[in-house]
Amino acid sequence: MLNRRHIRVKVMQSIYAFKGSESDDLSKDQKFLLFSIDNMYGLYLLLLSLLIEVQKRAEADLLKKQNKHLATQEDKNPNKKFVNNELLQIIKNNSLLRERFDNHKITNWDLDAEYVDIIFKAILNSDLYTDYMQTRVSTFKEDKNFVIDVFKDIVAPNDKLYDYLEDKNLTWLDDLPTVNTTILKILRKAKSNGSQNTFTPELYKDDEDKQFAVDLLKKTLLNANSLNEEIELKTQNWDSDRIANVDFVLLQMAICEIKEFPSIPVKVTINEYLEIAKEYSTPKSSIFINGILDKLVKEYQKDDKLNKIGRGLL
């Protein structure tokens, strides 16, 4: 679910939150980092559970219409295509997913059901729903495409849901694009007879990625003073107040990665931090960071201080 860039962003947020000071006790920083990353998985589960709750809301709506005193023929014999959507049923009945919901205490929609109604009504009022409900039967492919379109065009861009997530957890706004992309990928991969594991991806690709997150945080903070000296030597013509705080943190991390992670290619490190700067800092930050890192790398190469092995030399 997470790739290395997401991990770098999470480390950046953690260092920024703790002002990037050098410390011998990193337990608090590490706990914050891992908690923040785990919260990202909570957001994934929360949005996936929303699809289930919307399906349940549709089911309850049909039952209410069927039981009303003056039920019409349409009320008594409704089109159940949405309620019976095969992909929604697969997600709803996934025992592994329900277990993850329990473990992460995903019960938000019990108390905040109005947001389920908001999404449900937005679906009912959409052209997507109108077109989908033209018939009473469908293939798995049609059901899947409908759910994908609903998530992409109705759930993901919903402003009220966005505001709700912001109120619940500030870091979720940064996580949202990654989580939305992950959900869409998983929905597209879903098969009618597929594995239940499809909907319960692991947060980290492997143990190495989790260790990378911890090591990058620790090594950057433990070497903060020496990293700051290197940055200051290369920015003597810059007023320190003009250097964005995020840029300073990204430079700390990038220099640390270049020096302390032998197996990661220099080009990969530089490109990753330039992309993060473009997204999280000022319009000119990537140019500024690139200039500093380029000078430092040339100096390391000249002084034979670039400790890279294998593909890390490239």
Within 45° of the axis and under 6.0 Å from the centre of the six-membered ring of Y300, does NZ or CZ of K308 qualify?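 Here K308 fails the 6.0 Å and 45° test against Y300.
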
Here's a test for you: under ring pair (Phe, Tyr, Trp, His ring centres under 6.0 Å), which of Y164, Y162, F120 qualifies with Y115?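 Between Y115 and the candidates, ring pair (Phe, Tyr, Trp, His ring centres under 6.0 Å) is satisfied uniquely by Y164.
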
Taking [Y]'s backbone N and O only, do any of them form a donor-acceptor pair with [X]'s side chain (distance below 3.5 Å, no angle check)?
X: Q55; Y: L51; value: no
X: N85; Y: L88; value: yes
X: Q89; Y: V83; value: yes
X: T235; Y: I231; value: yes
X: D38; Y: L34; value: no
X: N94; Y: I90; value: no
X: N39; Y: W172; value: no
X: T198; Y: G194; value: no

Considering only NZ, NE, NH1 and NH2 on the basic side and carboxylate oxygens on the acidic side, decide whether [X] and [Y] come within less than 4.0 Å.
X: K56; Y: E53; answer: yes
X: K191; Y: E86; answer: no
X: E202; Y: K210; answer: no
X: K298; Y: D294; answer: yes
X: R57; Y: D61; answer: yes
X: K302; Y: E299; answer: no
X: R4; Y: E272; answer: no
X: E279; Y: R5; answer: no
X: K81; Y: D143; answer: no

Counterpart residues, salt bridge (Lys or Arg N to Asp or Glu O under 4.0 Å), relative to D131 (two or more places apart):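 Salt bridge (Lys or Arg N to Asp or Glu O under 4.0 Å) check on D131 returns nothing, list empty.
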
Please say which of N158, I119, L45 ends up in a side chain to side chain contact (heavy atoms under 4.5 Å, CB included) with L50.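 Checked N158, I119, L45 against L50; only one passes side chain to side chain contact (heavy atoms under 4.5 Å, CB included): I119.
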
Considering the options I52, L46, T107, which one meets the side chain to side chain contact (heavy atoms under 4.5 Å, CB included) requirement together with F101?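 So the option named by the test is I52.
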
So which of D209, T182, T178, D174 actually passes side-chain hydrogen bond (donor to acceptor under 3.5 Å, both in side chains) with H6?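 Going through D209, T182, T178, D174 one by one, the side-chain hydrogen bond (donor to acceptor under 3.5 Å, both in side chains) with H6 is satisfied by T178 alone.
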
Interatomic spacing from [atom1] in [X] to [atom2] in [Y] - rounded to 0.5 Å:
X: S263; Y: F212; atom1: OG; atom2: CZ; result: 9.0 Å
X: E114; Y: W109; atom1: CD; atom2: CH2; result: 9.0 Å
X: L251; Y: S285; atom1: CG; atom2: OG; result: 9.5 Å
X: D247; Y: I276; atom1: CG; atom2: CD1; result: 12.0 Å

Under 4.5 Å between any side-chain heavy atoms of [X] and [Y], yes or no?
X: K295; Y: K234; answer: yes
X: F199; Y: L96; answer: no
X: E59; Y: K92; answer: yes
X: L296; Y: I258; answer: no
X: I183; Y: L48; answer: yes
X: S14; Y: D29; answer: no
X: V150; Y: Y132; answer: no
X: Y280; Y: V249; answer: no

Applying side chain to side chain contact (heavy atoms under 4.5 Å, CB included), run through Q30 and V214 and close with a yes or a no. CA-CA 7 Å; Q30 182 176 325; V214 173; 3.6 Å; yes

The test is side chain to side chain contact (heavy atoms under 4.5 Å, CB included); show your working for I37 and L33 and say whether it passes. CA-CA 6 Å; I37 292 175; L33 170 65; 3.9 Å; yes

Do T269 and E257 have side-chain N/O donor and acceptor atoms under 3.5 Å apart?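 A pair is found: one side chain offers a donor N or O, the other an acceptor, under 3.5 Å apart.
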
L217 vs L26, side chain to side chain contact (heavy atoms under 4.5 Å, CB included): CA-CA, chis, key distance, verdict: CA-CA 9 Å; L217 176 76; L26 301 178; 5.9 Å; no

Assess whether ring-ring contact (aromatic ring centres under 6.0 Å, His included) is satisfied between Y41 and Y44, documenting all intermediate values. CA-CA 5 Å; Y41 200 78; Y44 164 79; 5.6 Å; yes

Might you point out which heavy atoms bring K80 and L62 nearest each other, and give the distance in Å?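 Residues K80 and L62, closest heavy atoms: CG-CD1, 3.9 Å.
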
